[in-house]
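This report concerns only the one structure given below.
In this text, all values refer to a predicted model and were calculated from it rather than measured experimentally. Both counts, for ligands and for their atoms, begin at 1 and track the order of listing.
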Amino acid sequence: MHHQSLSELSSHLQQRSFSSEELTHYFLRRINQYDAQLNSFITVTPETALAQARAADKCLQTGTAGPLTGIPIAHKDIFCTNGIKTSCGSKMLDHFVAPYNATVVEKCQAAGLVMLGKTNMDEFAMGSSNESSFYGPVINPWDSKAVPGGSSGGSAAAVAARLTPVATGTDTGGSIRQPAALCNLTGLKPTYGLVSRYGMIAFASSLDQGGPLAKSAQDVALLLNAMAGFDPRDSTSLNRPGEDYTAQLNNSLVGLNVGLPKEFFSDGLDPEVGKLLQNAISELESAGAILHDIELPHTALAVPVYYIIAPAECSSNLSRFDGVRFGYRCHEPKDLMDLFKRSRGEGFGAEVKRRIMIGTYALSAGYYDAYYLKAQQIRRLLTQDFKNAFQQVDVILGPTSPTPAFNLGERVDDPLKMYLSDIYTLSVNLAGLPGLSLPAGFVGTRPCGMQLIGNYFSEARLLNIAHQYQLRTDWHRASPKQFVD
Ligand code: GLN
């Protein structure tokens, strides 16, 4: 059952080959059996899951079921879940039980999806390896020495080990696409504003976007149908007509103009990853795509710009965790200042503190113009690079990550090296564009991803390209032997 696509699971549920309750039990058993080795879940919610599964079975019996009714899902622990612990991977929120559901959770529930639990993540979504979680690192199911990527590493490891058919993630600078690449999954960061941020704990509000992590482009399209849509409770949510993201999956790629940015295929790219990408490019060419060499001249500035803007926004967003209203509070504070200092000092981990300090510095009176304002100006130039590119091509293709998964512990003491993991993903968030990562092969035991970047609202087209590629290749079908028979 764990190999089946969402549409296969759905048709079995509709035909009553098995019930949602049976399917849910099946995945809960797999979590029980394997998650001790992976640490991909922070909280497993069997009671909620089984109650939702029974409700789904009623809909299936009465003919009121939709295409996702009765299918299990796991949510990144950044999405608020009513009555269920929502930790954001932090000691700060270790005891926080959300009093309401995030819109994404609400929409998935309305679509009939069954929540198995909440997945592990880098603390407050800051990281590229899932090693900054208060709950310990997540292990890559493909190689127990490797990181799964981050910050949605728990969701990625859980889908890769087939502990859940599908999961949600969030992507501020690559956190859906990079773990998707490192765990052999398909993951989509939608256009900014397409998926509601209401109830999604804020890291950097102008960059954060929720999206699906799944085994294939087709599954991503089905989950995006449930997740996307206008939300009056999110002031940056886009009010536009709904779309069926599966509608274009079978379109032909003949005449598709694919741009290959020279900055994405330069020295920083691992040559083995480069070879896999060349194979993928040839495959698309044989499907009728036309290749173009393009330039994204400001690419090298994406890392420094992101690491001003994201910390600046996080220093503001995380100021609400002060030990007063909710979250961790230190024991026996001497006075109010001691309460603030120790609650924040003890509640946040090292990476979060580093970001708050960088952000506070960049926003401070004497440095605002030199750092924050300058970063915003360069952000505009990076966006302009993409605008120019999309006048020539329909889609941009490149690597998701410069290397395959690195070893656990390898980059924890070298933040700059860690930050470079996202060199190809960050600019997509800075421009607010959609980006998709999909499996493109292996270096040894470790998977690699290719990234497709599209113009605003081109999700259906990106999924079409990925689906056509997946009809021609088998990379996305591969699963880690140790967890999957
Ligand atoms: N790895 C990047 C960071 O550490 C991106 C994280 C994300 O997308 N949430 O900020």
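No more than 12 heavy atoms of other residues, nucleotides or ligands lie within 6.0 Å of OH in Y371, so this atom counts as exposed by the packing criterion. Within 6.0 Å of the NZ atom in K341, the count of heavy atoms belonging to other residues, nucleotides or ligands does not exceed 12. Residue-environment remark: CZ (R233) exceeds the threshold of 12 foreign heavy atoms within 6.0 Å.
The distance criterion of under 3.5 Å between nitrogen or oxygen atoms is met by S128 with respect to ligand 1. Considering backbone and side-chain atoms alike, G174 places an N or O below 3.5 Å from some N or O of ligand 1. The shortest N or O to N or O distance between Y306 and ligand 1 is under 3.5 Å.
When the heavy atoms of Y419, F124, Y307 are ranked by distance to atom 3 (C) of ligand 1, first place goes to Y307.
The contact set between ligand 1 and G173, taken as ligand atoms under 4.0 Å from a residue heavy atom, comprises 5 (C), 7 (C), 8 (O). Close contacts between ligand 1 and D171 involve ligand atoms 8 (O) [criterion: under 4.0 Å to a heavy atom]. Each of the atoms 6 (C), 7 (C), 9 (N) of ligand 1 lies under 4.0 Å from some heavy atom of A125. Within the listing of ligand 1, atoms 1 (N), 2 (C), 3 (C), 4 (O), 6 (C) sit less than 4.0 angstrom from a heavy atom of G127.
When atom types are taken as modelled, the side chain of R177 and the backbone of G449 share no donor-acceptor pair closer than 3.5 angstrom. At distances below 3.5 Å, not a single donor-acceptor pair connects side-chain atoms of E295 with backbone N or O atoms of K262.
Contacts with ligand 1 closer than 4.0 Å are made by side-chain heavy atoms of D422 only, the backbone lying farther away. At a heavy-atom distance under 4.0 Å, only side-chain atoms of R355, from C-beta outward, approach ligand 1. The proximity of S151 to ligand 1, defined as any non-hydrogen pair under 4.0 Å, is limited to the side chain.
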| field | Worked check of side chain to side chain contact (heavy atoms under 4.5 Å, CB included) between T172 and Y306 | value | CA-CA 10 Å; T172 304; Y306 174 88; 3.6 Å; yes
| field | Pair F96-F321, ring-ring contact (aromatic ring centres under 6.0 Å, His included): steps then yes or no | value | CA-CA 12 Å; F96 176 63; F321 302 107; 8.3 Å; no
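Scanning the protein heavy atoms around atom 6 (C) of ligand 1, the nearest turns out to be S175 OG, 2.9 Å.
For Y198 and Y100, the gap between ring centers is short of 6.0 Å.
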